[in-house]
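To start, the structure under review is shown below, and the notes come after it.
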Amino acid sequence: MLKTHTCGELRASDAGKEVTLSGWVNRRRDHGGLIFLDLRDRSGITQITVSDDPEGNPPNGANPSSASSNGNNCAGALATASQVRSEFVVQVSGSVQKRPQGFENAELETGEIEVIASELQILSEARTPPFVLSGNQGDEVDEAVRLKYRYLDLRRPRLAANLRLRHDIVRFIRNFFYDRDFLEVETPILLKSTPEGARDFVVPSRIHPGRFYALPQSPQQMKQLLMIAGFERYFQIARCFRDEDLRADRQPEFTQLDLEMSFVEAADVMALIEEMLISLSAEVSDKPIQNLPFPVLTYDEAMDKYGIDRPDLRFGLQLFDVTELVRNSRFGVFKNAVAAGGIVKGIRYPQGAQLSRKDIDDLIEYVKPYGAKGLAWIGLTGDAGDNGQYSTDNLRSPIIKFLSEEEIAGLVTASGAEKGDLILLVADEPGVTNPALANLRLEIGDRANLVDSNLLAFCWVVDFPLLEYDSQEDRWGAIHHPFTSARDEDWSILEERPADVRAKAYDVVLNGWEIGGGSIRIHRSNLQMRMFQRLGLSEKEVDEQFGHMLEAFQYGAPPHGGIAMGIERVVALFADAQSIREVMAFPKTATGTDLLLEAPSPVDDDQLAELHIAVRERNPVKS
RNA sequence: GGGGGCGUGGUGUAGCGGUUAGCAUAUCGGCCUGUCAAGCCGGAGGUCGCGGGUUCAAAUCCCGUCGCUCCCGCCA
């Protein structure tokens, strides 16, 4: 070994030891005849002190010792140290010394000691890095630069800590399921394309011209087949691929904790995952869990109170519904929206009544991407009268003149607003009103500083609808996936009232991020067939695409269900990262490129020919 | 597919119609024995993403394009 100790382990109790360390030069502080090197390896940083004085010099020249030579090479080490630059890889031998009193560094684990170098050897020189790797300055650097030099970015303490945290989390998860008798099984990466769900990444077959494999969006079918195979408890840390547009929390390839269990009901899977998440949180985080056991919301409750199926419960500000109150309002925006089948909901902005017109306009702009045409707003600038009601004098609002006293009173009551608060309202179809207010709620939480970032607010969302109508394709589609079972009592209305069928599905949410979702599956082939038909697949299509599943269900399929959790999202939440890229070693950009490898890239014509592929130019050059 | 933001020495930024394109940091050289964002002195480094246009004059205004990013659609 080129080192006897790591750069993170030496303490005052090691004083006097002769050690050899190897690592990267984090920083150099050159005082001429005295040079300090901060030597970094993955375990930490140790200060190396290099001078031409082999005894190690007391501070401030209080006791200048003679430059006696005792056979080591301090002068050589000093000369080498003056050559050394940031990120050089060096090997140092020397003696561990307690630092002189007053010169300890409390910032460093090893800050009580320093290594007085007797030998210093450059193992590898380094070009000047494109950005500063020590400290946190690199956080400000353009992400494109960081991605191109990802191997340098990963030397930075924050990124390195994120990957270590990810390792700790995955190790914890594996051990948790090993201990509970789960079998870890690897499933294929080369699978079969199916039309349901996300767009597939596709791999051409050389041996079978014109045919393609698909990369797994998740190992869904394989894990169900493993249940039919009798394994009863399966899990896998599985790589998944989805060819869809990306976001801060979505990458084209990502990792799931995928698991499946036989002879269970939803409550069994939920209890197990809840236990896992509770102990995982205790293991890797100092933050307390806000509510135990995890609150369970139905989908309808979540949409009603938060406008979204993944509510951030770290703060209140529930939405309120005033559709009935304003159904016959003189205010046309409300009345017309309701008449058109829409809803009118709102949210309270605590102490928002005095926001500037610009701030309010910003909120209106904020809501527009979600389709809302605007925000109606009422500021409670003054006090309520003796009767508890607000008069026009004590309100600030462009719409007040359109509202009756009853409507104003009703709005104030429904919102729970008090003096100084601002009421914000959206009137539109539910598919616009809810997302607009849900995101507005987050924005208000942020602006009004209502979010306690030191909390872990887990919750379950259950009773999802099984199906949703796809107006573009004019058919019903599975919200979760086509193997999800309806609740037993709802099978009878699958054909007649598909919108009302609830699924045996459950999502687990942490601080407003959906970190996992699962369901109890259909395990009987006749019900699965009914489901496929409900989704509008012809018998031929079912046979071609899912025939193997239906056939498998005919050979003794146990009742089963499971869940999948997004590892990157979990790690990002525990790491306080804004993007899952921050917890991946080599992530791709928002357009799916790899700036380090420069992928995707063209391939040789020969290679294409072998795969029976012809590339069609997107914009043919006109000759 | 759509919308917003950003793009100026290596990095982070100021400048937003006429500047010698400023600052910080990194970098290079010199001095320096107690620093830990070391300090002090000095130097080098920019065709302002790219292309086109407007103008006497463009980093600055306009159009296009490329890249990064956030969001909508999409993501069972």
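Protein chains get the first letters and strands the later ones, always in sequence-line order, with residue 1 at the start of each.
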Mind telling me whether Phe532(A) and Phe546(A) have parallel, tilted or perpendicular rings, with 30° and 60° as the class edges? parallel
Per atom distances to the Gln47(A) side chain, the nearest of C28(B), C36(B), C70(B) is C36(B)
**Study point:** Under-3.5 Å donor-acceptor pair between Arg28(A) side chain and C36(B) base
**Key:** no
The Watson-Crick or G-U wobble partner of G73(B), with both key distances under 3.5 Å, is none
Any strand, both distances under 3.5 Å, Watson-Crick or G-U wobble: G7(B) pairs with C66(B)
Confirm from the modelled atom types if Arg247(A) and G73(B) form a donor-acceptor pair under 3.5 Å, side chain to base only. yes
**Prompt:** Can you find a pair of side-chain heavy atoms, one from Ile45(A) and one from Cys7(A), that are under 4.5 Å apart?
**Reply:** no
Quick note, His31(A) side chain, CB onward, closest among G73(B), C70(B), A38(B) is A38(B)
Between the side-chain atoms of Arg99(A) and the base atoms of C36(B), is any donor-acceptor pair under 3.5 Å?
yes
Quiz prompt | Polar pair under 3.5 Å, donor/acceptor by atom type, side chain Arg242(A), base C75(B) | solution = no
With the side chain defined as heavy atoms from C-beta on, Ser51(A) is closest, among C70(B), U33(B), C75(B), to U33(B)
### Task
Ignoring backbone atoms, test whether Thr591(A) places a side-chain nitrogen or oxygen under 4.0 Å from the OP1 or OP2 oxygen of C68(B).
yes
Partner of U13(B) under the Watson-Crick or G-U wobble criteria, both distances under 3.5 Å, comes out as G22(B)
Answer for the Watson-Crick or wobble partner of C36(B), both distances under 3.5 Å, is none
Aromatic rings Tyr151(A) and Tyr149(A): how do their planes relate, parallel, tilted or perpendicular, breaks at 30° and 60°?
perpendicular
Regarding the side chain of Asp245(A), the nearest nucleotide among G73(B), A38(B), U27(B) is G73(B)
Which of A38(B), C70(B), C75(B) is nearest the side chain of Ala590(A)? It is C70(B)
When rounded to the nearest 0.5 Å, the distance separating CG of Leu246(A) from NZ of Lys588(A) is 10.0 Å
Between Glu468(A) and Thr128(A), the residue closer to the 5' end of RNA chain B by nearest nucleotide is Thr128(A)
Q) Would you call Gln47(A) and Asn105(A) a side-chain contact if the rule is heavy atoms closer than 4.5 Å? A) no
Regarding the side chain of Pro369(A), the nearest nucleotide among G34(B), C36(B), C72(B) is C72(B)
Confirm from the modelled atom types if Gln101(A) and G34(B) form a donor-acceptor pair under 3.5 Å, side chain to base only.
no
Of C71(B), C32(B), U27(B), the nucleotide closest to the side chain of Ala248(A) is C71(B)
Side-chain contact check for Val141(A): nearest option of C68(B), G12(B), G34(B) is G12(B)
Main-chain N/O of Leu595(A) paired with Thr593(A) side-chain donor or acceptor, under 3.5 Å
no
Scanning all shown strands, the Watson-Crick or wobble mate of A59(B) with both distances under 3.5 Å is none
Distance check, C1' atoms only: A21(B) and U60(B), in whole angstrom units. 11 Å
In whole angstroms, the gap separating P of C70(B) from CG of Asp446(A) amounts to 16 Å
Heavy-atom donor-acceptor pair, Gln137(A) side-chain to U25(B) base, under 3.5 Å:
no
Between CG of Asp142(A) and P of G10(B) the distance, given in whole Å, is 14 Å
The Watson-Crick or G-U wobble partner of G42(B), with both key distances under 3.5 Å, is C28(B)
- request: Determine, stepwise, if the pair Ser218(A) / Gln256(A) fulfils side chain to side chain donor-acceptor pair (under 3.5 Å).
  value: CA-CA 8 Å; Ser218(A) 80; Gln256(A) 283 188 343; 4.6 Å; no
Which of C28(B), C70(B), C71(B) is nearest the side chain of Tyr370(A)? It is C71(B)
Here the residues of residues 438-445 of chain A within 4.0 Å heavy-atom distance, strictly under, of RNA chain B are none
Would you say Leu191(A) and Tyr213(A) make side-chain contact, with heavy atoms under 4.5 Å?
no
Against the side chain of Arg250(A), the closest entry in C36(B), C75(B), G34(B) is C75(B)
Taking for Asp249(A) and for Gln217(A) the nucleotide of RNA chain B with the nearest heavy atom, the one nearer the 5' end belongs to Asp249(A)
- Query: Do Ile273(A) and Met270(A) have side chains that get closer than 4.5 Å, going by heavy atoms?
  - Reply: no
Hey, is the side chain of Arg29(A) poking within less than 4.0 Å of OP1 or OP2 on U33(B), counting only N and O atoms? no
